[in-house]
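What's counted below: heavy atoms across the whole structure, side chains too, no hydrogens, waters or symmetry copies. Note that this is a predicted model, so its numbers are computed, not measured. In what follows, chains carry the letters A, B, and so on, assigned in the order in which the sequence lines appear, proteins first and then strands, with residues in each chain numbered from 1.
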Number of protein chains: 2
Amino acid sequence: MASSCWSPLVGQPISPEHASEISRVFKALGDPVRLRLLSLIASHAGGEACVCDLTEVFDLSGPTISHHLKVLREAELITGERRGTWIHYRVVPQRLASLADLLIPTTAETVAS
Amino acid sequence: MASSCWSPLVGQPISPEHASEISRVFKALGDPVRLRLLSLIASHAGGEACVCDLTEVFDLSGPTISHHLKVLREAELITGERRGTWIHYRVVPQRLASLADLLIPTTAETVAS
DNA sequence: CTTCTATATTGACGTCCGTCGAAGCAGAGT
DNA sequence: ACTCTGCTTCGACGGACGTCAATATAGAAG
């Protein structure tokens, strides 16, 4: 929750609680494997991919991939839906958009002095 | 270097090298203290702040703040310039914009099936 | 029910990271 | 030259993180 009510980094200093919440999402993105997973899921046909599609790309064990997917899931960057045997993951575009909003300076207000 | 030539996460899977490079920047943002530092610098009058302005905000030692500033500096998210006694830090807006570009889905292409 | 496949969880191990105190460096002022 | 102040670097410690093998769970198929 509180996905899209983040105030931008510039303009006024963010609160410590705010910072903790946001840093968890950036931390989830701060790993090359997770970044590739996210990109693989987003780029996959239909906007979704099952774990088997992802695991074979990497030279990593199944549990490791599963762990990274969990981190992305807990950051609400992806969601997983079970359909029969397979679990299909897809990205949460609003989440990415929220982060982008956070970073974009709204440049006009920066030089206020 | 290679600041703004990042291809977006969606569209096609990013390369491992790409992912490593980008993850370093997100990792720098994946800490609440660094996020607050960035926001404090960006929000400070004139768009810049010296370390003394920053240190007094936190309940952390000087060396710790200096360490976090170094991480942000190496991620090219901020730059520091010495003017007399004080060192003034300011954010690199192009860097933030690059990250935002990376995250924004260019939504039309996502649902291709 | 049993087995097979797909994915998640657990527990352990090594490495990376945030934090501190102490020491170092660079300018400014006396 | 000496010192004072602002900031960084160094060395160390504890906790967090990425990885794996082993085990567990969930659904499908026989």
Please tell me which of the listed nucleotides, [options], lies nearest to the side chain of [X]?
| X | options | answer |
| --- | --- | --- |
| B:S66 | C:dC20, D:dG18, D:dC7 | D:dC7 |
| A:P63 | D:dA22, C:dA28, D:dT8 | D:dA22 |
| B:H68 | D:dC20, C:dT19, C:dC17 | C:dT19 |
| A:L60 | C:dA8, C:dT9, D:dC20 | D:dC20 |
| B:D31 | C:dG18, D:dC7, C:dT7 | C:dG18 |
| B:T85 | C:dA6, D:dG6, C:dT7 | D:dG6 |

Whole angstrom is fine here: how far is it from [atom1] in [X] over to [atom2] in [N]?
| X | N | atom1 | atom2 | answer |
| --- | --- | --- | --- | --- |
| A:W86 | D:dA28 | CH2 | P | 10 Å |
| A:E81 | D:dA26 | CD | C1' | 16 Å |
| A:R34 | D:dC17 | CZ | C1' | 8 Å |
| B:R24 | C:dC17 | CZ | C1' | 16 Å |
| B:K27 | D:dA16 | NZ | C1' | 12 Å |
| B:E74 | D:dT9 | CD | P | 9 Å |
| B:H88 | D:dC7 | NE2 | C1' | 12 Å |
| B:K70 | C:dG24 | NZ | P | 17 Å |

Hey, does [X] reach any base, or is it just sugar-phosphate, or nothing, if we go heavy atoms under 4.0 Å?
| X | value |
| --- | --- |
| A:G62 | nothing |
| A:R83 | nothing |
| B:I65 | nothing |

Phosphate OP1/OP2 of C:dC20: any B:S61 side-chain N/O under 4.0 Å
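Yes, because at least one side-chain N or O of B:S61 sits under 4.0 Å from OP1 or OP2 of C:dC20.
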Is any side-chain N or O of A:Y89 closer than 4.0 Å to OP1 or OP2 of C:dA8?
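Answer yes for this pair, as a side-chain N or O of A:Y89 is under 4.0 Å from OP1 or OP2.
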Could you go through B:L103 and A:I104, starting from their C-alpha distance and side-chain angles, then the distance that decides it, and tell me whether this counts as side chain to side chain contact (heavy atoms under 4.5 Å, CB included)?
CA-CA 11 Å; B:L103 294 171; A:I104 285 179; over 6 Å; no
Which residue, B:C52 or A:V33, contacts DNA chain D at a nucleotide closer to its 5' end, judged by nearest heavy atom?
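Here B:C52 is the residue nearer the 5' end.
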Judged by nearest nucleotide, the residue sitting upstream toward the 5' end of DNA chain D, B:H67 or B:R82, is B:R82
Linking I/L/V/M/F/W/Y whenever any side-chain heavy atoms sit under 4.5 Å apart, do B:L60 and B:V71 land together?
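Hydrophobic grouping puts B:L60 apart from B:V71.
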Heavy atoms, side chains only, cut-off 4.5 Å: are A:Y89 and A:H44 in contact?
no
Would you check if B:L99 and A:F26 make a side-chain contact, meaning some heavy-atom pair closer than 4.5 Å?
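The answer is no; the side chains never approach within 4.5 Å.
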Checking B:R34 against B:L77 for the side chain to side chain contact (heavy atoms under 4.5 Å, CB included) test, could you report, in this order, the C-alpha distance in whole Å, the side-chain angles of both residues, the deciding distance, and whether it holds?
CA-CA 10 Å; B:R34 288 196 288 267; B:L77 287 163; over 6 Å; no
Under the criterion side chain to side chain contact (heavy atoms under 4.5 Å, CB included), I'd like the reasoning laid out for B:L69 against B:I78: C-alpha separation, chi angles, the key distance, then a yes or no.
CA-CA 8 Å; B:L69 288 173; B:I78 60 174; 3.8 Å; yes
